[in-house]
Structures are given as C-alpha cells and as structure tokens.
Amino acid sequence: MTTSTTTTEPTGPVRRTTKDLTRAAVSGWLGTAMEFMDFQLYSLAAAIVFNKIFFPDVSPAIGLIAAMATYGVGYVARLAGAVYFGRMGDRIGRKKVLVITIVMMGVSTTLIGALPTYASIGILAPVLLVALRLVQGFGAGAEIAGATVMLAEYAPTRRRGLIASLVSLGTNSGTLAASGLWAILLAVLSEEQLLSWGWRLPFLLSFLLLVFAVWLRRSLKESPVFEERPDVVDGVAMTRGELEDTARREETGTLEAGLRQRKGKAFFLALGLRFGQAGNSGLVQTFLVGYIATNLDFERSVPTDAILYGSLLGFLTVPVIGVLGDRFGRRPLYIALTLLTTALAFPLLLLIAHGGAAAVMLGMIVALNLGVLGLFSLESVTMAELFGSRTRFTQLAVAKEIGGVLATAIGPVLAATLTAVTDSWWPIAGMLVVYSLITLVSALLAPETRGRDLVRLEDAV
C-alpha cells in the first residue's frame with residue numbers, strides 16, 4: 001500500500017441525509033424484527049406444539065425439554081456466525097453483511113414451515129429441524145449486532161440512545177408479530193388443525209417480509225462511521241500489518257491509539273451487560289410460556305396473550321428508556337432497571353404461580369418490560385459505544401452471542417430441569433435474580449459512554 005492511496009486522517013464527517021437515516025432506521029428495525037419474529041415463532045412453537053410434532057414418543061415434560069434444547073441449538077450456530085460475519089463487517093463494511101444475514105435467516109425460517117413431521121419421516125424430521133435452526137442461527141448471529149452498529153453509527157450523538165433503541169423496537173415488533181400470529185392460530189384453529197397444518201403458516205408467511213427486507217437493504221448506504229475510519233482505504237480496512245506500517249511511517253496518533261488498545265475489559269463488561277437481558281428474555285419469552293401452559297394448566301392463549309400485550313407496551317417502554325439514557329446517561333438507567341428486576345423477581349413469579357389468568361398476564365407483562373425490553377433498549381447503544389470502530393462489529397456480535405449461548409439458550413433448558421426436579425416455580429425467580437445481578441455489577445464497573453466519538457478505533461476502556 002502506498003502513501004498516496006492511504007487516508008489516515010479523516011477529511012471531514014461523512015454526511016447522511018434525513019432520508020438516509022430513515023432508511024437505515026427502517027432497515028435496522030425490520031431486520032431485527034425478522035430475526036426476533038423467526039426466533040419467537042420457533043420458541044412459541046417449541047413451547048406449544050413441537051414437542052408433539054417432532055418429539056411425540058416421550059413424556060410431555062421430556063418433550064418440552066427436547067424442544068427447548070433444539071431451540072438452544074440455534075444459539076450455538078449464532079456464535080459461529082457472530083465471529084465470521086462480525087469480522088467481515090469490520091473489514092468490508094456493515095451493509096454487505098446485513099444483506100447476507102437477512103437472506104440466510106429468512107430462507108431457513110420459511111423452510112421450517114415446509115418440514116415433514118415425525119409421523120411422516122421419523123427421526124429425520126427433528127434432524128432436519130436442527131439443521132435449519134443451525135443455518136438460521138448462523139445468519140442471525142450477526143444480524144442484530146450489525147443492525148445495532150449501523151444505527152448507532154448513523155445516529156446524531158445527542159439522540160443516539162433513542163435512535164439505537166429502534167433496534168430494540170425491532171425485537172419487540174418481531175415478538176409481537178410472532179405472538180399475534182400464534183394467538184390467532186390458537187383462537188381460530190382446533191387442536192387437530194393446529195397440529196396438522198396450522199403451525200406451518202407463520203413460518204411460510206415470513207417469506208413475504210424477507211422479500212421486502214432484501215429490497216430495502218440493497219439500497220442502503222454504508223455506515224458513515226465506517227467510511228470515516230482512518231484505517232479504511234477504498235472501502236476495506238487495513239490489516240494489522242498495514243496499520244502498523246502506516247502508523248510508523250506517518251506517525252499518526254489516531255492509528256497508534258488503535259494499535260495500543262488492550263482488548264478484553266470492554267468485551268467482558270459488555271458480556272455482563274448482555275447477560276441479564278439475554279437470560280431474562282429466555283426465561284420470560286420462552287420458558288414461561290411453556291411452563292404456564294404445561295405445569296400450571298392454563299390455556300395456552302394466556303401466556304401468548306401476555307407476551308402480545310407486553311410487546312405492545314414495549315413500544316412505549318423502549319423509546320422512553322432511550323430518551324432517558326440520552327438525558328441522564330446509560331449507567332444510571334442500567335442500575336435502576338436491574339435493581340427493580342431483582343427486587344420484583346420473586347413477587348412476580350409468586351403472582352404468576354398462584355394467581356389467576358389476569359395475575360399471570362400482569363406478572364409476565366411487568367417482567368418483560370423491566371427485565372427484557374428496558375435492558376435491551378440500553379444495550380443497543382451502550383455496547384456499541386463501549387467498543388472502538390475497528391473491531392466494534394466483531395466484539396459486539398460475539399459478546400451478544402456468548403451471552404445468548406450462556407443465558408438465553410441454556411437458561412430455558414436449565415429452568416425446565418430445575419422446575420421438574422423441584423416441582424416449584426422458585427428456580428425461575430432465582431435465575432432472574434442471578435442474571436440481573438450480573439448486569440448490575442457490570443454496569444457499576446463500566447464507564448459512562450454517552451456521547452462518545454464512535455469513529456475512534458480504540459475501546460472505551
């Protein structure tokens with residue numbers, strides 16, 4: 001690489017119009033909505049019908065554990081996708097990766113709706129289900145991270161928390177769409193119709209959303225922060241060797257700061273911030289749905305309606321948390337939300353376990369908005385601000401997915417096992433407390449990141 005082709009100091013901020021920002025916002029929201037709709041479609045199907053369709057020759061409790069384990073398989077693939085596509089996104093840009101990931105997710109989700117059942121082809125049916133979950137997870141591993149990075153890097157500094165929270169609204173929208181579809185199916189179809197063909201409809205309909213999302217992302221401009229990075233030349237990031245050579249030859253302090261960065265501290269803080277939201281999500285949005293229907297003998301519509309109403313309330317919760325984060329900072333909001341979730345975990349689960357249908361719905365709605373959606377709104381901007389621009393996509397994606405594997409994927413399986421052994425609800429509340437306390441400690445140790453310059457190559461700590 002010659003000096004004449006190397007740009008080590010930005011010539012000025014890359015401008016994006018309001019139209020560009022709107023397109024980026026819609027793209028990020030839609031892609032994340034697709035990801036969470038895909039996964040929520042599966043998680044609800046796993047809790048409601050997949051134990052009968054793909055694992056029919058076992059007891060109901062073991063069938064639920066098997067269905068949840070298959071749900072967790074996707075999170076292992078997500079970690080591999082986070083590493084692969086995260087590095088690609090840091091190297092060649094965010095936009096190209098986001099087109100690839102959304103295609104992988106959408107196609108695999110559609111094909112789940114076309115799978116033959118255990119009754120048709122035996123053990124090959126759950127094998128194919130696992131294979132599609134692996135493909136779906138591989139693409140999803142970088143989807144929400146890419147959307148988070150893109151929106152945070154597009155947003156004006158003073159409104160970064162609000163705009164980045166749209167990613168969380170995408171998760172909320174996807175959850176709402178999936179829960180709404182399942183609520184309709186449960187309301188209008190008989191048990192026989194649901195098990196024979198009704199469960200396929202939500203998966204097949206996701207193809208329509210895929211077509212629109214791909215069209216939108218192909219017209220999206222690259223992140224302005226990526227284009228401003230001093231280590232990016234002609235749309236491709238320098239290798240470490242090239243970076244060292246350029247920094248030595250040109251004595252560029254900006255590049256040297258990126259090279260001197262000691263990796264690790266920001267990553268583990270981000271992982272801790274992720275842990276509470278991810279773990280609480282797996283318990284509230286996945287495990288509790290099956291637990292309430294199977295162990296507490298409520299109609300299956302009760303927990304799915306609770307997720308539906310909780311997601312609707314989330315359209316207020318998410319942007320309000322984003323605005324408060326822009327006003328007061330990220331750390332105070334993290335501390336407040338985790339303390340509230342910890343304090344209310346046992347009362348809410350007691351209400352769910354021993355109350356009527358209205359109590360169940362109230363408990364799930366509060367838990368969803370405090371311990372899941374509120375934390376997700378903060379996570380969307382804080383994790384992006386913790387990392388430097390050179391490795392932001394990779395570190396953010398890997399932190400999200402390791403947290404997902406450790407908390408969201410393993411959590412429902414562990415909860416199913418513990419509640420079966422103890423025949424009680426208290427392990428669920430205990431897990432909510434542990435997850436939330438991990439995030440509380442991480443928030444106390446993390447620096448305040450509000451207003452940080454996202455073009456900087458080094459991490460915040």
Side-chain angles (χ1 to χ4, degrees), residues 68 72 75-76 78-79 82 141 144-145 148 167-168 171 263-288 317-318 321 325 329-349 366-387 395-419 425-449 459-461:
M68 290 299 170
Y75 281 89
V76 178
R78 288 175 70 105
L79 179 55
I144 193 168
T148 298
V167 172
S168 305
T171 69
K263 299 292 190 299
K265 188 173 182 180
F267 177 82
F268 285 107
L269 287 174
L271 182 60
L273 294 178
R274 168 67 169 157
F275 218 86
Q277 189 280 329
N280 294 346
S281 175
L283 291 176
V284 175
Q285 294 179 263
T286 302
F287 176 73
L288 268 179
T317 300
V318 166
I321 295 296
R330 320 305 182 202
R331 292 179 75 248
L333 269 295
Y334 259 117
I335 293 169
L337 285 174
T338 50
L339 285 176
L340 278 172
T341 304
T342 299
L344 292 175
F346 277 89
L348 288 176
L349 263 297
V366 173
L368 178 63
N369 279 270
L370 279 183
V372 180
L373 297 178
L375 289 179
F376 216 149
S377 180
L378 285 173
E379 177 186 302
S380 297
V381 65
T382 309
M383 289 179 69
E385 292 172 330
L386 273 173
F387 299 123
Q395 291 199 81
L396 195 155
V398 174
K400 276 184 174 289
E401 298 315 320
I402 288 180
V405 170
L406 294 177
T408 313
I410 296 175
V413 179
L414 179 60
T417 304
L418 291 175
T419 52
W425 54 267
W426 66 261
I428 309 171
M431 291 176 69
L432 285 172
V433 169
V434 170
Y435 288 147
S436 299
L437 288 178
I438 290 173
T439 291
L440 174 62
V441 172
S442 300
L444 292 171
L445 295 175
E448 178 55 64
T449 58
D459 294 344
V461 290

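All residue numbers refer to positions in the sequence shown, counting from 1. Only heavy atoms go into these numbers, but all of them, side chains included; no hydrogens, no water, no symmetry mates.
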>> R274: which residues meet the salt bridge (charged side-chain N to carboxylate O under 4.0 Å, His left out) condition with it, sequence neighbours left out?
In response: E379
>> To the nearest 0.5 Å, what is the distance between CD1 on I402 and CG on L271?
In response: 6.0 Å
>> Using every non-hydrogen atom in the two residues, find where P412 and A407 come nearest and quote the distance to one decimal.
In response: CD-O, 4.0 Å
> What pair of heavy atoms forms the shortest contact from A82 to G141, and how long is it?
Replying inline: CB-O, 3.5 Å
> Looking only at heavy atoms, which two atoms of K265 and V461 are closest? And how far apart?
Replying inline: CG-CG2, 3.9 Å
>> Parallel, tilted or perpendicular, judged at 30° and 60°: which one describes the rings of F387 and F267?
In response: tilted
> Which pairs count as side-chain hydrogen bond (donor to acceptor under 3.5 Å, both in side chains) when at least one residue sits in residues 337-348, sequence neighbours excluded?
Replying inline: none
>> Return the CG to CD1 distance between L444 and I335, rounded to the nearest 0.5 Å.
In response: 4.5 Å
>> If you compare all heavy atoms of V372 against all heavy atoms of Q277, which two are closest, and at what distance to 0.1 Å?
In response: O-CG, 3.4 Å
Tabulate below the donor-acceptor pairs under 3.5 Å that side-chain atoms of residues 426-437 make, not counting sequence neighbours, or state none.
from, atom 1, to, atom 2, distance (Å)
S436, OG, N280, ND2, 3.4
S436, OG, L432, O, 2.9

> Just by modelled atom types, is the I438 backbone N or O under 3.5 Å from a matching donor or acceptor in the S442 side chain?
Replying inline: yes
> When you look at S168 and S380, which way does the side-chain hydrogen bond (donor to acceptor under 3.5 Å, both in side chains) test go after all the steps?
Replying inline: CA-CA 7 Å; S168 305; S380 297; 2.8 Å; yes
>> As an exercise, state the distance from CG of L273 to CG of L440, rounded to the nearest 0.5 Å.
In response: 10.5 Å
> CG/L283 to CG/L368 distance, rounded to the nearest 0.5 angstrom?
Replying inline: 12.5 Å
> Can you tell me how far the OG1 atom of T419 sits from the CG atom of L288, to the nearest 0.5 Å?
Replying inline: 9.5 Å
>> Assess the residue pair Y334 and L375 against the criterion (side-chain contact (heavy atoms from CB on, under 4.5 Å)); give the C-alpha distance rounded to whole Å, side-chain angles, the decisive distance to 0.1 Å, and a yes or no.
In response: CA-CA 7 Å; Y334 259 117; L375 289 179; 3.8 Å; yes
>> With rounding to the nearest 0.5 angstrom, report the CZ to OG1 distance, R330 to T449.
In response: 5.5 Å
>> side-chain contact (heavy atoms from CB on, under 4.5 Å) for L373 and I321? Distances and angles first, verdict last.
In response: CA-CA 9 Å; L373 297 178; I321 295 296; over 6 Å; no
> Under 4.5 Å between any side-chain heavy atoms of M383 and T148, yes or no?
Replying inline: no
> How close do E448 and P332 get, heavy atom to heavy atom, and via which atoms?
Replying inline: OE1-CD, 3.7 Å
>> Before you tell me yes or no, could you show the steps for D459 and L386 under side-chain contact (heavy atoms from CB on, under 4.5 Å), namely the whole-Å CA-CA distance, both residues' side-chain angles and the distance that decides it to 0.1 Å?
In response: CA-CA 6 Å; D459 294 344; L386 273 173; over 6 Å; no
